[in-house]
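Structure incoming, see below.
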Amino acid sequence: MCIRDRNGPVAHWEKIIPKSSQPSRRASHTCTAYKDRYIFLIGGEGYHPDREKKLACNDTVLDFNIYEIMKETNDQEDQPIYPKNDVWIFDVETQMWTFLWVPNAQEFAPRFAHSTCVYKEQLVIFGGLKDFNSLLDDVSICLLYTSPSPRDS
């Protein structure tokens, strides 16, 4: 789809078919851009609880091929909504999703309708809803590295 104004093309939309497994369907999540290449997808709400198989791999991003895709039903109005606390990274150059493994001790609470931003190599997650009656006011920070982390030196 191409959007035009009287001066010519303004935007061009293209549907991308990822070359990897991808996050489950969801709403009320956030997507935050990083380094003109990556997009972090954080949390949100969906019809199924997260079923990721978390594997330790030196605390690095895993090439994710093990996500258990849940079968979606056509009658979803009566299904409960579950908040999520997963983090996925979309690489715009390779058009691949990668699941970011977070150790249990560092997990943030499942949430939706929250805010995220990147500030000085830190992914910041604030607030949101745990359910429709519980507001969250916590802040979580994930340090972002494009090379081995300082603790690996």
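Note: hydrogens, waters and symmetry copies are ignored here, and every other heavy atom, side chains too, is used.
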Can you tell me how far the CG atom of L41 sits from the OG1 atom of T116, to the nearest 0.5 Å?
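Separation between the atoms: 9.0 Å.
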Determine, step by step, whether D91 and R37 satisfy the side-chain contact (heavy atoms from CB on, under 4.5 Å) criterion, reporting the C-alpha distance in whole Å, the side-chain angles of both residues, the deciding distance to 0.1 Å, and the verdict.
CA-CA 6 Å; D91 184 326; R37 180 173 176 177; 2.8 Å; yes
Answer whether the closest heavy-atom distance between the side chains of K35 and L144 falls below 4.5 Å.
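No - every pair of side-chain heavy atoms lies 4.5 Å or more apart.
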So, for K19 and T94, which heavy atoms are closest and what is the spacing to 0.1 Å?
CD-O, 3.6 Å
Which heavy atom of L123 sits nearest to which heavy atom of F40, and what is that distance?
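So the two residues come closest at CD2-CD2, 3.8 Å.
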Single-linkage hydrophobic cluster, 4.5 Å side-chain cutoff, Y38 and I125 together
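As far as the 4.5 Å side-chain criterion goes, I125 and Y38 are connected within one cluster.
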Starting from V139, can I reach L143 by hopping between I/L/V/M/F/W/Y residues whose side chains sit under 4.5 Å apart?
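Looking at the clustering, V139 is in the same group as L143.
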In short, I39 meets C31 closest at the heavy-atom pair CG2-CB, 3.8 Å
Check: F108 ring centre within less than 6.0 Å of F126 ring centre:
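Between F108 and F126, the centre distance exceeds or equals 6.0 Å.
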L129 versus E45: any side-chain heavy-atom pair under 4.5 Å?
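L129 vs E45: side chains apart.
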Inter-residue atom distance Q122.CD - C117.SG, 0.5 Å rounding:
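Reported value, rounded in 0.5 Å steps: 9.0 Å.
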Side-chain heavy-atom pair Y47, I81 within 4.5 angstrom cut-off:
yes
Measuring only between side-chain heavy atoms, which start at C-beta, is P23 closer than 4.5 Å to K84?
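No - every pair of side-chain heavy atoms lies 4.5 Å or more apart.
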Tell me, do I42 and H114 make a side-chain contact under 4.5 Å, heavy atoms counted?
yes
State whether the side chain of R26 and the backbone N or O of G43 hold a donor-acceptor pair below 3.5 Å, judged by distance alone.
yes
Tell me whether V87 is reachable from Y119 by hopping between hydrophobic residues (I, L, V, M, F, W, Y) whose side-chain heavy atoms are closer than 4.5 Å.
no
Cluster link Y82 to F132, ILVMFWY, side chain under 4.5 Å
no
In Å and rounded to the nearest 0.5 Å, what is the CD to CG distance from E107 to D86?
10.0 Å
If every non-hydrogen atom of D131 is compared with every non-hydrogen atom of S134, which pair is closest and at what distance?
OD1-N, 2.9 Å
W97 and F90 aromatic ring geometry - parallel, tilted or perpendicular at 30°/60° bounds:
tilted
Heavy-atom pair with the smallest gap, counting every atom of Q95 and I17
OE1-O, 4.4 Å
